[in-house]
There are 2 protein chains.
Amino acid sequence: MTSPTLSDVARAAGVSYATADRVINNRGNVADKSIAKVREAVTSLGYVRNVAAANLSRGRIYRLAFLIPRGSNAFFNRIRQHIDHAAAHHVSERVTAEVIEVAAFAVEGLQDSISALLERDFDGVAIVGLQSAALEAPLAELRAKGVAVVGLVSDLPRAARAAYIGIDNIAAGRTAGRMVGLAHGGQGGQVQTFAGSLDARDHAERLTGFREVLNADFPQVTVLDPIMTKDDAQVLQAQTQEVLTQQGLTALYNVGAGNSGLIAALRGGQGTRPFCVVHELVAHSRQALMERQIDLVIDQRPDVEINRAFTVLRALIDAKDLPPMPELVPTIYVRDNLPADALTDQMKAQDT
Amino acid sequence: MTSPTLSDVARAAGVSYATADRVINNRGNVADKSIAKVREAVTSLGYVRNVAAANLSRGRIYRLAFLIPRGSNAFFNRIRQHIDHAAAHHVSERVTAEVIEVAAFAVEGLQDSISALLERDFDGVAIVGLQSAALEAPLAELRAKGVAVVGLVSDLPRAARAAYIGIDNIAAGRTAGRMVGLAHGGQGGQVQTFAGSLDARDHAERLTGFREVLNADFPQVTVLDPIMTKDDAQVLQAQTQEVLTQQGLTALYNVGAGNSGLIAALRGGQGTRPFCVVHELVAHSRQALMERQIDLVIDQRPDVEINRAFTVLRALIDAKDLPPMPELVPTIYVRDNLPADALTDQMKAQDT
DNA sequence: CTGAAAGCGCTTACAG
DNA sequence: CTGAAAGCGCTTACAG
């Protein structure tokens with residue numbers, strides 16, 4: 001009834017507990033004959049290692065760090081909340097997480113923050129990264145020290161991290177494109193796009209995906225070149241106001257941040273407004289959805305991302321195989337399938 | 001550095017380990033003075049109970065059962081896979097899960113299966129339920145034995161279970177309605193609906209939500225009364241073929257199962273087809289999405305549901321507070337945000 | 001009302 | 001190459 005333990009395996013194999021342990025954990029220094037006997041006992045008994053007991057005996061603790069852009073960006077605030085929440089949830093598993101704020105979107109600042117990590121005793125770090133060769137050297141040093149490194153939300157140079165945890169931004173853009181296309185109901189139209197900066201890879205990729213779908217499947221809808229906003233709400237507000245006076249505009253799509261400005265402009269507008277799609281469910285985009293200033297939010301589920309970051313970092317630290325990692329997929333929100341509210345929304349990652 | 005243990009608390013409070021344990025776990029039989037001292041030590045030291053160690057020492061095992069409708073329904077096959085997967089993932093936490101198949105949608109069969117559970121030693125069961133007073137007596141007996149009971153996907157009588165784990169089907173219907181409305185791009189149209197049976201509460205609720213949104217926000221779109229299909233693919237195929245010959249039909253929405261028939265009919269159709277929305281992402285709906293026979297799938301994320309069932313049942317068995325349970329929210333899939341594939345899709349609940 | 005001790009299933013030195 | 005033993009942080013009888 002109750003599952004077999006290592007003692008059962010050792011007894012069945014006719015070896016000592018310690019020897020059975022050695023083959024289970026590949027510690028070496030075991031005679032081939034013993035290995036064979038233990039392996040056999042394991043399969044015939046259906047032995048499964050009790051990870052909780054192993055961690056307890058080993059007294060392991062996992063010290064994690066998250067490098068997140070400083071600033072008042074609503075999305076990253078949400079990320080920070082999820083980290084705190086996940087950390088609280090993991091205390092009993094002996095994992096601690098510290099959020100370290102770094103200068104936003106600045107290669108040098110990030111580089112310095114990574115170097116500073118060398119002085120600290122972390123076991124794993126998740127970094128909201130940038131694509132810059134300048135990060136490679138400090139990251140290599142960090143990993144040489146045995147620290148597990150993953151990219152989060154925005155990737156690091158590929159060779160410099162063990163995994164990337166974030167959505168496929170081309171898919172996100174395609175999803176937005178599909179929705180905008182569908183909303184035209186077979187009629188023609190013009191979509192104004194907005195982006196923070198095309199140096200930001202995620203922005204560029206979303207735009208690419210968006211264009212792909214509209215060009216291929218909705219050729220009667222024209223995609224206008226993006227207005228650059230630096231993710232600044234003021235810029236977005238001014239530009240949106242201006243754009244709303246254009247004739248023939250049927251949709252708006254912002255691949256970046258600064259949506260509070262866009263929403264403010266829409267709130268002030270009169271008459272029918274264009275179909276509006278933005279990214280990331282935060283307080284203001286949520287409210288705008290409910291109050292019908294916008295139609296759709298594409299969300300990357302930061303709760304799921306943070307949860308996965310914890311799982312992946314722990315697996316890396318334990319030098320275990322990485323768990324299967326299906327691509328993270330963008331979630332579509334309309335006013336009818338919104339999660340309960342900001343607070344409970346925080347807790348969602350528990351499931352899923 | 002390392003977190004305080006119960007020994008630390010006991011020492012700081014000047015009591016024995018056992019006494020400290022008694023107050024931590026509210027076992028009673030402790031002098032008020034001791035309670036106060038221990039409480040104080042706990043907060044000043046920041047003690048957190050190590051759940052893993054507690055479970056280990058207690059040698060607890062969790063025997064779970066899942067009562068799932070028998071038959072070849074693709075959705076429930078997916079549910080079964082997720083149960084097996086979650087069970088495999090939980091072996092190291094000493095939880096086992098057994099799937100018990102019951103006669104599909106038959107009150108008496110379900111009633112018998114629940115009674116049969118009394119002979120078995122389960123700690124918790126999740127049941128794909130029905131709304132029937134006939135289930136109340138056997139469920140009460142089961143719970144009197146100390147077995148934790150939750151409704152899964154389709155609820156049990158409210159008083160007869162500790163929790164319900166499934167989506168809000170009105171929200172699911174509303175979401176479908178929003179999408180169908182948007183896809184009309186401001187033009188008028190006619191939607192043909194399909195349902196298995198209006199006795200099935202989930203079907204009725206979806207239809208209600210669907211109508212709500214279209215009547216309120218897209219009054220130019222007419223919702224036709226549902227064609228009853230008994231979730232039978234053959235019926236769906238025949239009915240869809242017939243319906244496709246109608247003039248002015250702009251959309252199709254099936255609240256129930258049997259979609260392989262609907263898809264077959266669409267595949268055989270010629271010319272432009274209506275906008276099509278169905279429920280549940282399974283092999284054939286996924287393929288139909290990719291091959292453009294349908295436009296949208298509303299999914300209830302069985303992986304998330306099963307994961308939550310495990311969590312909730314364990315919490316109930318431990319007589320712990322139930323974890324926060326935000327409403328499960330329907331997920332919208334188009335061809336551009338599909339999860340990687342059926343297999344990896346199985347693993348998604350890990351995050352989530 | 002309080003305490004000492006064995007045991008949960010492992011890992012980690014330590015001694016052969 | 002192999003084994004005996006202490007200890008991880010708890011819970012559970014058992015004895016006062």
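Just so we're on the same page: letters track the sequence lines, and every chain starts at 1.
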Reported CD-to-CD1 distance for the pair B:Gln300 and B:Ile79, which is rounded to 0.5 angstrom: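 If we round to the nearest 0.5 Å, B:Gln300:CD and B:Ile79:CD1 are 6.5 Å apart.
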From B:Phe76 atom CZ to B:His82 atom NE2, the distance as rounded to the nearest 0.5 Å: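 Interatomic distance, B:Phe76 CZ to B:His82 NE2, rounded to 0.5 Å: 12.5 Å.
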Is [X] reaching over with its side chain to a backbone N or O of [Y], donor-acceptor style, under 3.5 angstrom?
X        : Y        : answer
B:Arg63  : B:Asp121 : yes
A:Asp84  : A:Gln81  : no
A:Tyr164 : A:Val153 : yes
B:Arg161 : B:Leu139 : no
A:Arg301 : A:Ile167 : no

Nearest-nucleotide pick for B:Thr5, side chain only, options being D:dG9, C:dT12, C:dA4: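 Nucleotide nearest to B:Thr5's side chain: D:dG9.
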Separation of [N] [atom2] from [X] [atom1] (nearest whole Å):
X       : N      : atom1 : atom2 : result
A:Arg49 : C:dC8  : CZ    : P     : 19 Å
B:Asp8  : D:dG9  : CG    : P     : 8 Å
A:Arg11 : C:dG9  : CZ    : C1'   : 13 Å
A:Arg58 : C:dT11 : CZ    : P     : 6 Å

Interface with DNA chain C, restricted to residues 18-43 of chain A and to heavy atoms under 4.0 Å: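 Correct list: A:Asp21, A:Asn25, A:Arg27.
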Pair pattern of DNA chain C in dot-bracket, where unpaired bases get dots and | marks partners in another strand, Watson-Crick or G-U under 3.5 angstrom: |||.||||||||.|||
Heavy-atom pair of closest approach, residues B:Val149 and B:Ala160: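 Taking every non-hydrogen atom into account, CG1-O, 4.0 Å.
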Within 6.0 Å of CD in A:Glu40, more than 12 heavy atoms from elsewhere: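 For A:Glu40, atom CD is not crowded (no more than 12 foreign heavy atoms under 6.0 Å).
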Touch class at under 4.0 angstrom, heavy-atom based, for A:Leu6 against every strand present: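 If one applies the 4.0 Å heavy-atom cut-off, A:Leu6 turns out to touch the sugar-phosphate alone, with no base involved.
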N or O in side chain of A:Ser57 less than 4.0 angstrom from C:dC10 OP1/OP2: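 Checking A:Ser57 against C:dC10: no side-chain N or O falls below 4.0 Å of OP1 or OP2.
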Comparing B:Tyr17 and B:Ala53 on DNA chain C - which has the more 5′ nearest nucleotide: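 The 5'-side residue here is B:Tyr17.
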